[in-house]
Amino acid sequence: MDFQLTEEQLAVQAAARDFAQNELWAGVIERDEHQKFPAEQIKKMGELGFMGMMVSPEYGGGGMDTVSYVLAMEEISKVDASCSVIMSVNNSLVCWGLEKYGTEEQKQKYLTKLATGEIIGAFCLSEPEAGSDATMQRTTAEDKGDHYLINGTKNWITNGSSASVYIVIAQTNPELKHRGINAIIVEKDTPGFVVGPKENKLGIRGSDTHSLMFTDVKVPKENRIGEDGFGFKFAMQVLAGGRIGIASQALGIASGAYELSLKYAKERKAFGVPISQHQAIQFKLADMATNIDAARLLCLQAANDKDAHQDYAKSGAMAKLFASKVAMDTAVEAVQVHGGYGFVKEFHVERLMRDAKITQIYEGTSEIQKIVISREILK
């Protein structure tokens, strides 16, 4: 067993930390307050290679391993989880799926721009009646010979209005149930495709989350990813990797809350001494540090499994289940450590607490992760 990071991985971690602290920190409260999409920051992240980290250099990506991706996600998420979820969706759900399962034409047309951050992508699975049960797709992609006609509605789509490319999961053959589902690439300006109003969210308010409506949207057959009926399997495969990204986001939120708490505890005085000298605070910090280290090891284990081409369904689900709980617990305790100041926006921890909650919900709720884990251990 080797717990040491390589020089390249350490360099990626340092670059992500430097970018987060110097480029994201200054405006993060304003972006959260006004639900402002971080367009300028995402552009810089693309230039630095954070939007297509694991994509082959052949298609404009960084060619990095999943461990490096986890390290970068943690550092970005410490400061701005809105930026990290945009990064995660583009890397895990869009770029990875296209490189793994797309045609060469699809890669040349879309992946090369997505990997460099020239454009960003969105993954469209959830619907009003299809969240945790992804088999219940009501959006249809009617086979018209040389093209599909897409009709339906998608909910909770990250990068909903800012994306240029959308991977839409839709039902083509209802009689085949989940085996009749397809994954189809839709470009933003396609007639009949409408982006709905922006959701007013509890957390990750800088990312743009929208409903999408499709009315007789005509898409050529060459935009289908994989064979006919491959869409559900495609969605499950990209979500398995996506869990590692969201687990890393949760880890970063927890780490950010802990670091702020540690710093504050050393500076804030009560009863004549820094509060870090009071055992009540020391125990909170000890629990935070222990749980964060455990979550980090789970995230790195899942990343290592993926890099080693081993089955990472269980390790990825475990990482997301545990790290998301640690994020929520740590952020709540961080507010408590800060006392009244923790309730004030300028001290950041209340935002981290709001951001943490979604990590237990999107890309598979904690309950779904338990289903995945139990299914794997009972095989």
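Numbers here simply count residues along the sequence, with the first being 1.
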### Message
Is there a side-chain contact between T209 and K201 in this structure, where contact means two heavy atoms from C-beta onward sitting under 4.5 Å apart?
### Response
yes
### Query
Is a salt bridge present between E367 and K370, judged by a nitrogen-to-oxygen distance below 4.0 Å?
no
### Message
Less than 4.5 Å apart, side chain to side chain, heavy atoms only: is that true for L239 and L125?
### Response
yes
### Task
Report yes if the side chains of H278 and I275 come closer than 4.5 Å at any heavy-atom pair, otherwise no.
yes
### Message
Does K221 qualify as a cation-pi partner of Y148, given the criterion of NZ or CZ under 6.0 Å from the six-membered ring centre and within 45 degrees of its axis?
### Response
yes
### Query
If we ignore angles and hydrogens, is there a donor and acceptor under 3.5 Å between the side chains of N200 and R205?
yes
### Query
Does L98 reach the side chain of V94, with side-chain heavy atoms less than 4.5 Å apart?
yes
### Query
Which atom names give the shortest non-hydrogen contact between G256 and L352, and what distance separates them?
C-CD1, 3.9 Å
### Message
For the residue pair Y312 / Q301, report whether a side-chain donor-acceptor contact shorter than 3.5 Å exists.
### Response
no
### Query
Of the non-hydrogen atoms in A16 and A72, which two are nearest, and what is the gap between them?
CB-CA, 3.7 Å
### Message
Assess, by modelled atom type and distance only, whether the side chains of D307 and T66 contain a donor and an acceptor separated by less than 3.5 Å.
### Response
yes
### Query
Could you state the interatomic distance from CE (M45) to CE (M53), rounded to the nearest 0.5 Å?
9.5 Å
### Task
Run the ring-centre check on F123 versus Y166 and record whether the distance is less than 6.0 Å.
no
### Task
Would you please say whether a donor-acceptor pair under 3.5 Å links the side chains of S77 and S84?
yes
### Task
Give a yes-or-no answer on whether the side chains of Q9 and D65 include a donor-acceptor pair shorter than 3.5 Å.
yes
### Query
Do NZ/NE/NH1/NH2 and the carboxylate oxygens of D293 and R296 come within less than 4.0 Å?
yes
### Query
Parallel, tilted or perpendicular: which describes the rings of Y341 and F347, with under 30° parallel and over 60° perpendicular?
tilted
### Message
Any salt bridge linking E23 with K44? Criterion: basic side-chain nitrogen under 4.0 Å from a carboxylate oxygen.
### Response
yes
### Query
Taking atom types as modelled and ignoring hydrogens, do the side chains of S276 and Y264 form a donor-acceptor contact shorter than 3.5 angstrom?
no
### Query
Is the shortest side-chain N to carboxylate O distance from K284 to E333 below 4.0 Å?
yes
### Query
About how many Å separate OG of S56 and NZ of K107, when rounded to the nearest 0.5 Å?
9.0 Å
### Message
Under 3.5 Å, is there a donor on one side chain and an acceptor on the other for Y59 and E104?
### Response
yes
#### Entry: Donor on one side chain, acceptor on other, Q249 and S88, under 3.5 Å
no
### Query
Does K314 pair with D305 as a salt bridge, N-O distance under 4.0 Å?
no
### Query
Going by atom types alone, do N90 and N159 pair a side-chain donor with an acceptor below 3.5 Å?
no
### Task
Would you indicate whether K198, at its atom NZ, is surrounded by more than 12 heavy atoms from other residues, nucleotides or ligands within a distance under 6.0 Å?
yes
### Message
Would you compute the distance between atom OG of S82 and atom CD of Q35 and round it to the nearest 0.5 angstrom?
### Response
9.5 Å
### Task
Nearest 0.5 Å please: distance from the CG atom of L212 over to the OG atom of S161.
9.5 Å
#### Entry: Salt bridge E350-R354, side-chain N to carboxylate O under 4.0 Å
yes
### Task
Tell me whether the centres of the aromatic rings in W156 and H210 are closer together than 6.0 Å.
no
### Query
Any luck finding a side-chain donor-acceptor pair between N291 and D329 under 3.5 Å?
no
### Query
Do T135 and K177 have a side chain donor and acceptor closer than 3.5 Å?
no
#### Entry: Atom pair OG (S211) and CD1 (I157), whose distance is rounded to the nearest 0.5 Å
8.0 Å
### Straight-line distance of F322 CZ to L298 CG, nearest 0.5 Å
6.5 Å
### Task
Please name all residues satisfying salt bridge (charged side-chain N to carboxylate O under 4.0 Å, His left out) with R31, sequence neighbours left out, ordered by chain then number.
D80
### Task
Please check if I167 and L93 belong to a single hydrophobic cluster, counting links between Ile, Leu, Val, Met, Phe, Trp and Tyr side chain heavy atoms closer than 4.5 Å.
yes
### Message
Quick check on the hydrophobic clustering: are V85 and W25 connected, directly or via other members, by side-chain heavy-atom contacts under 4.5 Å?
### Response
yes
### Query
In terms of side-chain geometry, is the basic nitrogen of E127 or R138 positioned less than 4.0 Å from the acidic oxygen of its partner?
no
### Summary
Smallest heavy-atom separation, N91 atom then M54 atom, equals OD1-N, 4.1 Å
